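Since this is a predicted model, take the numbers as computed values, not measurements. Letters A, B, ... are given to chains in the order of the sequence lines, protein chains preceding strands, and every chain is numbered from 1.
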Number of protein chains: 4
Amino acid sequence: MHQEKDKPTGALKDLNSGSYMKGDETLKKDKPKYKQIIDAAVVVIAENGYHHSQVSKIAKQAGVADGTIYLYFKNKEDILISLFEEKMGQFVSAIKRGMEHEEDAAAQLEILIKSHFQMLADDRHLAIVTQLELRQSNKDIRLKINKVLKEYLLLVDEVLHNGAQSGVFQTDLDIRLARQMVFGTIDEVATTWVINDQKYDITNLAAGVHSLIVRGLSS
Amino acid sequence: MHQEKDKPTGALKDLNSGSYMKGDETLKKDKPKYKQIIDAAVVVIAENGYHHSQVSKIAKQAGVADGTIYLYFKNKEDILISLFEEKMGQFVSAIKRGMEHEEDAAAQLEILIKSHFQMLADDRHLAIVTQLELRQSNKDIRLKINKVLKEYLLLVDEVLHNGAQSGVFQTDLDIRLARQMVFGTIDEVATTWVINDQKYDITNLAAGVHSLIVRGLSS
Amino acid sequence: MHQEKDKPTGALKDLNSGSYMKGDETLKKDKPKYKQIIDAAVVVIAENGYHHSQVSKIAKQAGVADGTIYLYFKNKEDILISLFEEKMGQFVSAIKRGMEHEEDAAAQLEILIKSHFQMLADDRHLAIVTQLELRQSNKDIRLKINKVLKEYLLLVDEVLHNGAQSGVFQTDLDIRLARQMVFGTIDEVATTWVINDQKYDITNLAAGVHSLIVRGLSS
Amino acid sequence: MHQEKDKPTGALKDLNSGSYMKGDETLKKDKPKYKQIIDAAVVVIAENGYHHSQVSKIAKQAGVADGTIYLYFKNKEDILISLFEEKMGQFVSAIKRGMEHEEDAAAQLEILIKSHFQMLADDRHLAIVTQLELRQSNKDIRLKINKVLKEYLLLVDEVLHNGAQSGVFQTDLDIRLARQMVFGTIDEVATTWVINDQKYDITNLAAGVHSLIVRGLSS
DNA sequence: AATGAATGAGGCTTCATTCAT
DNA sequence: GATGAATGAAGCCTCATTCAT
């Protein structure tokens, strides 16, 4: 955990260098319209679906002209990737903050799961976008999204590594495989919840998911 | 376990009644060109990506005229759904066959995982299509695909139910959640493997995945 | 009037030589399937509209295979033209028969109008086809249809000529213009009736139409 | 006649509210490209025939990009309907203007016929389009065209009603039937003229047509 | 003569992006 | 910086006709 505490935001540090941004004068990202457009994109995509979310619709929702979008984003793809970066960045930061004062790997994992579910529950539009809509994007975008996702996965790896080293988890744990189980499970539970119109409280599932992951199916 | 043995293939029995098919004279599905076109679609989609797979490309790969496609499929969407039905049907059948003579739930689960990975490994085109390309289809298609997927999930449920009843798994197992873990994990492992260009042997991961699912992370 | 009586069917004499027919052995036209297909076309076009009347639909209604159509008709266009020829031929013959024993031009005109309306009233499918559907065909077909129509117009001309010579009508009548009034009026009344779903009895309008045509609007 | 004089253009007042047009800011209809495209459509349809008039051809003729068409019209159909509305509106307005200072119904009718023929003679492309090409459009379009046509027919009705009341025409005139005679005759004369490649001067026929309609065939 | 499976040309429309104002 | 009118490429599907059986 020391690692983690030593560089609490480190893992995210170059998340802001990915996409479109001209000079280093004033970052586009810090101008109000940048976030305004991203938030508009979340709403529009959640409400209309990925394939019916034209740039013009996002512009209208953001209250700007179509052309203005292109002053802040290279192209439509860039909106989506930036959206994911922006939101995922906050996501990872929040989870890290949550885990900051906990050293037990199992407990950290529970915080991670809870935070994950909580954040989805807090923004139903965003939940739809990340769990369903963004996945219909083409391979290129999904690859770039995966790059952003890597931050999150590294976080999971850290927890697993911790647990293995401290003996909380199996000492010879295949971290890569375990991470795929952890992420795969959380993601599947989240997606199922969104597909079912978020009609139950997903945060209530956190404990059960945590237990399954840690203890497995065995009796 | 008796259930399972009594109707080993039952759950799949009407998988072939889904989409496009006129009378009961000679099923379109049984004509050679039907499979020919589906196989062509798998190759074309795997090689060009979902969004660059024009009907004309599929027709050319299948060695038929564009219009011929429409003698066997209602529209482009129907090709995709039928593709998934056809392949998923074989998929589920194969897994069921594999599990037929095994009564232990944990062993059944291992067979399921192994079979799943084996089938993906056996057809690298199909693996790309199911793990990556088909997911960028629109909501309508995904809904219908989910319907087909349900057969598979029911199969998982049966195994889990078995295990819970026979005491191999936790007797108070939350089947729904457990199924989401099982499927989520398998799917994530498979997707990761495809994203990494299938460059390692996924079947080697089956044992590890099975172990993780059954025993969890605990030491 | 002698003219008229001398060659009672003359005007129709080459109506049967228009379109498709191979040798002079056995006329295609006399084989049962010829009329069978034409009648099928009338029904299909009336019920589905011109643009939704595919050859395959006509074939099915006629109880023959698609290919069989082409043993009796050169192409789809030929079905339509033949349909019009066949029906228009009967039409003109019937009107001629009706007028045969009447010498007064005004009375002849009344018979013509009455017969015209009566025949439309007798076959509601045919009425739809001739008044509405066939008019959406392309210019080529309409030109050929007009050629067939010419027989009918010649008949009108004869009556008008008669009337002018016998002093029943204006002696310096512009036959061409008068014929356009007669046909235009009859056609417009018929079309209006069909557009209104044939929901009143068009034959009741014959007297009024005749009176208007003969006496005009004047008080 | 007072009615007529009091609201001479009234019947047309909402002819411009028919199809595609968003707010009331700046009407699409008033922008130059709107008329530009409609005029292009008239020329293209007249020269190529309805079925060979692709949107791209119209765009090229109008000197705009294909996509620009869709900034002004909902779809291809909307071009045709708007075309008819626009031209028919001018048509009816012109006729009304012409009749404004004439109180005698017979004289009004003569003006109507003359104006009708004159306008067709003034634009040979438009004549082809309205008399021939537009009639092969599908039922939906024809229905909407008929709605626009109704303005014209109401105008005819007014004249006939006038005439009947003032004793110029038969006082017990069946207006509906009379209107069908008037319109049927004018339309047939116009169509015949167009089919014959407009090779004679149709305006010369106005007097004869008027005479026939008012006095009928009687000697 | 009759069949019907196979063919393949052809066009409307959407929407991300640009650029003159 | 902001605008929004204009652009133009790209693809699914229908259906008249053929021809091997």
Salt bridge (Lys or Arg N to Asp or Glu O under 4.0 Å) pairs, two or more places apart, involving residues 125-139 of chain A: A:E133-B:K139, A:R135-A:D187, A:K139-B:E133

Sugar-phosphate, base or nothing in reach of C:K33, heavy atoms under 4.0 Å: sugar-phosphate

Worked verdict on C:I81 versus C:E85 for side-chain contact (heavy atoms from CB on, under 4.5 Å): CA-CA 6 Å; C:I81 295 165; C:E85 278 177 353; 3.9 Å; yes

DNA chain F contacts made by residues 35-54 of chain D, counting heavy atoms under 4.0 Å: none

Interatomic distance where CG belongs to D:D66 and C1' belongs to E:dC15 [whole Å]: 14 Å

Side-chain donor/acceptor of C:K87 to backbone N/O of C:I38, under 3.5 Å: no

Donor-acceptor pair, side chain of D:N146 and main chain of D:L149, under 3.5 angstrom: no

Residue whose closest nucleotide on DNA chain F lies nearer the 5' end, D:V64 versus B:N75: D:V64

A:H52, NE2: over 12 other non-hydrogen atoms inside 6.0 angstrom: no

Of C:G63 and B:G63, the one whose closest DNA chain E nucleotide lies more 5': C:G63

Main-chain N/O of D:E86 paired with D:K35 side-chain donor or acceptor, under 3.5 Å: no

Separation of E:dA16 C1' from A:D78 CG (nearest whole Å): 14 Å

Under 3.5 Å donor-acceptor, A:N138 side chain and A:I141 backbone: yes

Check against side-chain contact (heavy atoms from CB on, under 4.5 Å), D:S82 and D:Y72: CA-CA 10 Å; D:S82 303; D:Y72 295 89; over 6 Å; no

Verdict with reasoning, A:L132 to B:R142, per side-chain contact (heavy atoms from CB on, under 4.5 Å): CA-CA 10 Å; A:L132 295 186; B:R142 292 222 311 292; 4.0 Å; yes

Sugar-phosphate only, base, or nothing, as touched by D:V55 at under 4.0 Å among non-hydrogen atoms: base

Nucleotides bounding contact with chain C, strand DNA chain F, heavy-atom threshold 4.0 Å: F:dC15 to F:dT18

Salt bridge (Lys or Arg N to Asp or Glu O under 4.0 Å) pairs, two or more places apart, involving residues 47-59 of chain A: none

Value in whole Å for how far the P atom of E:dC15 lies from CD1 of A:I69: 15 Å

D:G67 or C:A65, whichever maps to the more 5' nucleotide of DNA chain E: C:A65

Test side chain to side chain contact (heavy atoms under 4.5 Å, CB included) applied to A:A62 - qualifying residues, sequence neighbours left out: A:I37, A:A40, A:V64

Nearest-angstrom distance from the residue atom CD of A:E77 to P of E:dC15: 17 Å

Interatomic distance where NZ belongs to D:K74 and P belongs to E:dC12 [whole Å]: 17 Å

Secondary-structure notation, DNA chain E, from Watson-Crick and G-U pairs under 3.5 angstrom (| other strand): .||||||||||||||||||||

